[in-house]
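Throughout, numbering of the chain's residues begins at 1 and tracks the sequence.
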Amino acid sequence: MKIYDDKHIKNVVFVGAHNSGKTTLAETMLFEAGLLNRRGTVEGKNTVADYHEIEHEKGNSVFATPLHTEWRNYKINIIDTPGLDDYIGEIISSIRVADTIVTVLNGQYGVEVGTEIIWNYINKYHKPTVFVINQIDHPGLNFENSFKSITSLVGNNAVKIQYPLIVDGAQCIIDVLKMKMYKFSSEGGKPQKLSIPDDQKETANALHNELVEKAAENDEELMELFFEKGTLSEDEMRKGIKAGMLNYDLFPVFCMSALNDMGSGRLMGFIDNVAPSASDLKSEQSVEGIEIIPEKDKTPVLFVFKTVHQPNLGQITFFKVKSGEVKVNDKLVNQRNGEMEVLNQLFIMDGKERNPVQKLTVGDIGATLKLKHTETNDTLSYPDSQLTVKPIQYPQTRIRRAVFAENTKDEEKLSDALKKIRSQDPTVEITFSNESRQMILACQGELHLNTIDWLLKNIYGVDARFEKPKISFRETIQRAAASNYRHKKQSGGSGQFAEVHLKIEPWKEGMPEPEGFNIRGKEEVDLPWGGKLVFYNCIVGGVIDQRYLPSIMKGILEVMEEGPLTGSYIRDVRVMVYDGKMHSVDSNDISFKIAGAHAFKEAFLNANPKLLEPTLDLTVKVPEDMVGNVMTELQTRRAIIQGIESSDHHQILKCIAPEAALYGFSTDLRSQTKGRATFKTQFNGYQAVPPNIQNELVNKKELVK
């Protein structure tokens, strides 16, 4: 395979809403370049990009798929991405390593909800972006509305390079950069290049002049030429357009029919001649604050942006060469863990096809097999380079489920499978809750969850069950109470005897010491589950030997690990042990542990015990016209709105909501707002459960008994 230098490598990612035509466009470009003899279709389940069985079954892209094509002495690396935001991790990773974003729009609808969501990440990384209005030969095309939706998204910096029209029944495209009309046959492919018709010259000239002005604005030298000549040449315009894209001040808009191969060659020519390459982008700063210079004679730096586990092949690691060159058998160190990795093989990937290469240079995208210690977001370089590429920041998960193997014998198999799924999809989180004894899977939505379930069943051979996770309640008290308990057991020989008198009170930070007691000692225990136990030794006259106090506290702590109300952890209690009795022969540690536990439990139940539930800071960003419905939804979920802010035609609702009431919120919010609202959460603290809900939970515990 031909080796290209960094200036002739262009990395583009195709993004856009579901059914906008990204996979079809990728297939058409490979066909147009002669790399395919026959174009596949999504419906035919035979495209290069959508090769996974799950993609054939579901009829849409699930994974981001790297491909490549070659066009007029340029190599174009393409990453075809899913359009559904349940797979946002695949999209973000691809945006992170692309040099130019190609945002594909369905010409019937223009900018859709999915486009808006993806745009937020493009905007975050300030990546040069081209918009493509697809399906221009569809009867439902609305080109002008589609273009207006782009300007609503990015402002007036969106500029038409092309617009469609029908001439003598044939689909045509007017190109105002080249000032030509392309006329296509019904089969598409190579068009006729014609002069712009007389009735279109005024429109085309106006758009051409607008493009000239936009191009000139981004380069002082071009601005001087423009003032001098009143126009710019095509090459000068290309230079200005590239500068505008790099400055994030110009967004070219093309049009095409990917399905019928109308306009793909022109787009590839623009990518070759105008779209920025890796060498055009600004140098990145490493985590260590050192500049990563994209030149081939520098230290090799590889950034891993994607990991795939294939059952018969093992781990495939996808990377971008951020600096230097890398060759087969090079030894590089993982900057995260210091482990040495050997690149025994290098590939250019085209879907499932692996094309071996001997080396890859700066700016290129490639893959290797069977790295042992490397995951997504890792950097590979020389041991002493101290260059770590800043990791990709993935969005917060939106739904949580407890996951179990249907067959308990498969628990270990399930755990191993979930680790692999997490490895190739960082938007999945897997944790084990010691408190609930549940494995918790968190992901981006119901569709994402269904995909994980499919992978578990069909790839890893594990039948899994998903349930609502248990909520980590806490128990505490609202008033003081006293109790005593005598433990006595006699069964021949030495028996057991202990008597403990204690008083308990609610504890809070900064409260004064208890009154009416002779405090001889104090111990504060920071509980592993949050809150405190404050234990006071108030024994007078030696009625209980000092050595038995730790056993009393141990008994109390055992009760606090499984509270009397619902079996939840107890927190924020102080205990004063002030009296008791012991026996010179029968008293021992176990006796005082039992007596302490029983006395504490009895006092706890008499101290107006209260159940606490975890609450979350919930921030919901909602389009202005949908706020009413969302606020109603929040009220039904016991959310308390703390404040409302305005931002870019959206309202930001800041709330505190019980975690238990937010189960299913992501799905309902998406349904109510057609996916246009977003939210994020953060743990807030614990608040009292309403009495009716507490009674329900306590009754359930009693029924279980």
(request) Give the C-alpha distance, both sets of side-chain angles, the deciding distance and a yes or no for salt bridge (Lys or Arg N to Asp or Glu O under 4.0 Å) between Arg422 and Glu429. (result) CA-CA 7 Å; Arg422 168 74 178 91; Glu429 292 180 3; over 6 Å; no

(message) Does the structure place the NZ or CZ of Arg354 under 6.0 Å from the centre of the six-membered ring of Phe347, at an angle of no more than 45° from the ring's axis?
(response) yes

(message) Between Gln444 and Asp86, do the side chains contain a donor N or O and an acceptor N or O under 3.5 Å apart?
(response) no

(request) State plainly whether the residues Glu284 and Lys322 are in salt-bridge range, i.e. N to O under 4.0 Å. (result) yes

(message) Could you go through Asn120 and Lys124, starting from their C-alpha distance and side-chain angles, then the distance that decides it, and tell me whether this counts as side-chain contact (heavy atoms from CB on, under 4.5 Å)?
(response) CA-CA 6 Å; Asn120 291 331; Lys124 175 182 176 181; over 6 Å; no

(request) Would you indicate whether the side-chain heavy atoms of Met626 and Gln672 approach each other to under 4.5 Å? (result) no

(request) Determine whether the side chains of Thr28 and Asp261 contain a donor N or O and an acceptor N or O closer than 3.5 Å. (result) no

(request) Supply the atom-to-atom distance Phe14 CZ to Ser20 OG, rounded to the nearest 0.5 angstrom. (result) 10.5 Å

(message) For the CG atom on Asn73, are there more than 12 heavy atoms of other groups (residues, nucleotides or ligands in this structure) within a distance under 6.0 Å?
(response) no

(request) Can you measure from CE (Met268) to CG (Asn273) and round to the nearest 0.5 angstrom? (result) 12.0 Å

(request) Return yes if a side-chain donor-acceptor contact under 3.5 Å exists between Asn60 and His18, otherwise no. (result) no

(message) Would you say CZ of Arg400 has more than 12 non-hydrogen atoms from neighbouring residues, nucleotides or ligands within 6.0 angstrom?
(response) no

(request) Taking atom types as modelled, find out whether Lys214 and Asn157 have a side-chain donor-acceptor pair closer than 3.5 angstrom. (result) yes

(message) Please give me the minimum heavy-atom distance between Met349 and Ala367, naming the atom from each residue.
(response) CG-CB, 3.6 Å

(request) Determine the minimum heavy-atom distance between Phe683 and Leu616, stating which atoms define it. (result) CA-CD2, 3.8 Å

(message) If only side-chain N and O atoms count, and only distance matters, is there a donor-acceptor pair under 3.5 Å linking His8 with Asp5?
(response) yes

(request) Specify the closest pair of heavy atoms between Ser146 and Leu105, including all atoms of both residues, with the distance to one decimal. (result) O-CD1, 4.4 Å

(message) With heavy-atom distances below 4.5 Å as the criterion, would you say the side chains of Trp119 and Thr129 are in contact?
(response) yes

(message) Can you tell me how far apart CG (Leu669) and NZ (Lys674) are? Round to the nearest 0.5 Å.
(response) 14.0 Å

(message) Quick one about Thr307 and Gln424 (side-chain donor to acceptor, distance below 3.5 Å, no hydrogens or angles considered), yes or no?
(response) no

(message) Under 3.5 Å, is there a donor on one side chain and an acceptor on the other for Glu236 and Ser233?
(response) yes

(message) Within the 3.5 Å criterion, strictly below it, is a donor on Gln315 or Thr317 matched to an acceptor on the partner's side chain?
(response) yes

(message) Please determine whether the number of non-hydrogen atoms from other residues, nucleotides or ligands lying under 6.0 Å from atom NZ of Lys148 exceeds 12.
(response) no

(message) Just verifying a value: how many Å separate Ile241 CD1 and Leu211 CG, rounded to the nearest 0.5 Å?
(response) 4.5 Å

(message) Any heavy-atom pair between the side chains of His68 and Asp350 that's under 4.5 Å?
(response) yes

(message) Using modelled atom types and a 3.5 Å cut-off, is there a donor and acceptor pairing between side-chain atoms of Thr151 and backbone atoms of Gly155?
(response) no

(message) If only side-chain N and O atoms count, and only distance matters, is there a donor-acceptor pair under 3.5 Å linking Tyr87 with Thr451?
(response) yes

(request) Kindly compute the distance separating CD (Glu213) from NE2 (His208), expressed to the nearest 0.5 Å. (result) 10.5 Å

(request) In plain terms, say whether Asp85 and Arg670 are close enough for a salt bridge, that is, a side-chain N and a carboxylate O under 4.0 Å apart. (result) yes

(request) Measure across Val13 and Ser94 and return the closest heavy-atom pair with its distance rounded to 0.1 Å. (result) CG2-CB, 3.5 Å

(request) Answer with yes or no whether the side chains of Tyr4 and Glu70 bring together a donor and an acceptor at under 3.5 Å. (result) yes

(request) Start with the C-alpha gap between Thr65 and Asp80, add the side-chain angles, then the distance that decides, and say whether side chain to side chain donor-acceptor pair (under 3.5 Å) holds. (result) CA-CA 5 Å; Thr65 305; Asp80 177 39; 5.5 Å; no

(message) With a 4.0 Å cut-off on N to O distance, would you call Glu144 and Lys160 a salt bridge?
(response) yes

(request) Answer with yes or no whether the side chains of Asp625 and His649 bring together a donor and an acceptor at under 3.5 Å. (result) no

(message) With a 4.5 Å cut-off on side-chain heavy atoms, are Ile92 and Ile392 touching?
(response) yes

(request) Please tell me if the side chains of Leu177 and Met237 come closer than 4.5 Å, counting only heavy atoms from C-beta onward. (result) yes

(request) Please confirm whether Phe147 and Phe131 have ring centers closer than 6.0 angstrom. (result) no

Quiz: residues 243-254 side-chain donor-acceptor pairs under 3.5 angstrom, not counting sequence neighbours:
from: Asn247; atom 1: ND2; to: Asn218; atom 2: OD1; distance (Å): 3.4
from: Asn247; atom 1: ND2; to: Ala243; atom 2: O; distance (Å): 3.2
from: Tyr248; atom 1: OH; to: Asn123; atom 2: OD1; distance (Å): 3.1

(request) Kindly compute the distance separating CD1 (Ile118) from CD1 (Ile101), expressed to the nearest 0.5 Å. (result) 10.0 Å

(message) Within a 6.0 Å radius of atom NZ on Lys296, are there more than 12 heavy atoms belonging to other residues, nucleotides or ligands?
(response) no

(message) Could you tell me if the side chain of Val97 sits less than 4.5 Å from the side chain of Phe319, heavy atoms only?
(response) no

(message) I'd like to know whether NZ of Lys621 has more than 12 heavy-atom contacts from other residues, nucleotides or ligands below 6.0 angstrom.
(response) yes

(request) Determine the minimum heavy-atom distance between Ser286 and Lys390, stating which atoms define it. (result) O-CE, 3.8 Å

(message) Testing the 3.5 Å rule here: is there a donor-acceptor pair between the side chains of Glu27 and Thr47?
(response) no

(request) List the atom of Pro82, the atom of Glu90, and the distance in Å for their closest heavy-atom pair. (result) CD-CB, 4.0 Å

(message) Can you see whether Ser277 engages Asp280 through a side-chain donor-acceptor pair at a distance of less than 3.5 angstrom?
(response) yes

(message) Quiz question: by atom type and distance under 3.5 Å, do the side chains of Asn134 and Asn106 form a donor-acceptor pair?
(response) no

Listed pairs under 3.5 Å, donor-acceptor, residues 378-388 side chains, sequence neighbours left out:
from: Asp378; atom 1: OD1; to: Arg336; atom 2: NE; distance (Å): 2.6
from: Asp378; atom 1: OD2; to: Asn334; atom 2: ND2; distance (Å): 2.9
from: Asp378; atom 1: OD2; to: Arg336; atom 2: NE; distance (Å): 3.3
from: Asp378; atom 1: OD2; to: Arg336; atom 2: NH2; distance (Å): 2.9
from: Asp378; atom 1: OD2; to: Glu375; atom 2: N; distance (Å): 2.8
from: Thr379; atom 1: OG1; to: Val389; atom 2: N; distance (Å): 2.9
from: Ser381; atom 1: OG; to: Pro300; atom 2: O; distance (Å): 2.8
from: Ser381; atom 1: OG; to: Ser385; atom 2: OG; distance (Å): 2.9
from: Ser385; atom 1: OG; to: Tyr382; atom 2: O; distance (Å): 3.1
from: Ser385; atom 1: OG; to: Leu387; atom 2: N; distance (Å): 3.4
from: Thr388; atom 1: OG1; to: Glu288; atom 2: OE2; distance (Å): 2.6

(message) Checking side-chain polar atoms at under 3.5 Å, does Ser646 have a donor or acceptor matched by the opposite partner on Gln651?
(response) yes

(message) Whether Lys320 and Asp99 form a salt bridge (side-chain N of Lys/Arg under 4.0 Å from carboxylate O of Asp/Glu) is what I want to check.
(response) yes

(message) Are Phe679 and Arg398 packed together at the side-chain level, in the sense that at least one heavy-atom pair is separated by less than 4.5 angstrom?
(response) yes

(request) Tell me whether the guanidinium CZ or amine NZ of Arg238 lies under 6.0 angstrom from the six-membered ring centre of Phe270 and within 45° of its axis. (result) no

(message) Working note: Ser61 + Glu55, criterion side chain to side chain donor-acceptor pair (under 3.5 Å); need CA distance, chi angles, decisive distance, verdict.
(response) CA-CA 6 Å; Ser61 299; Glu55 294 174 320; 4.6 Å; no

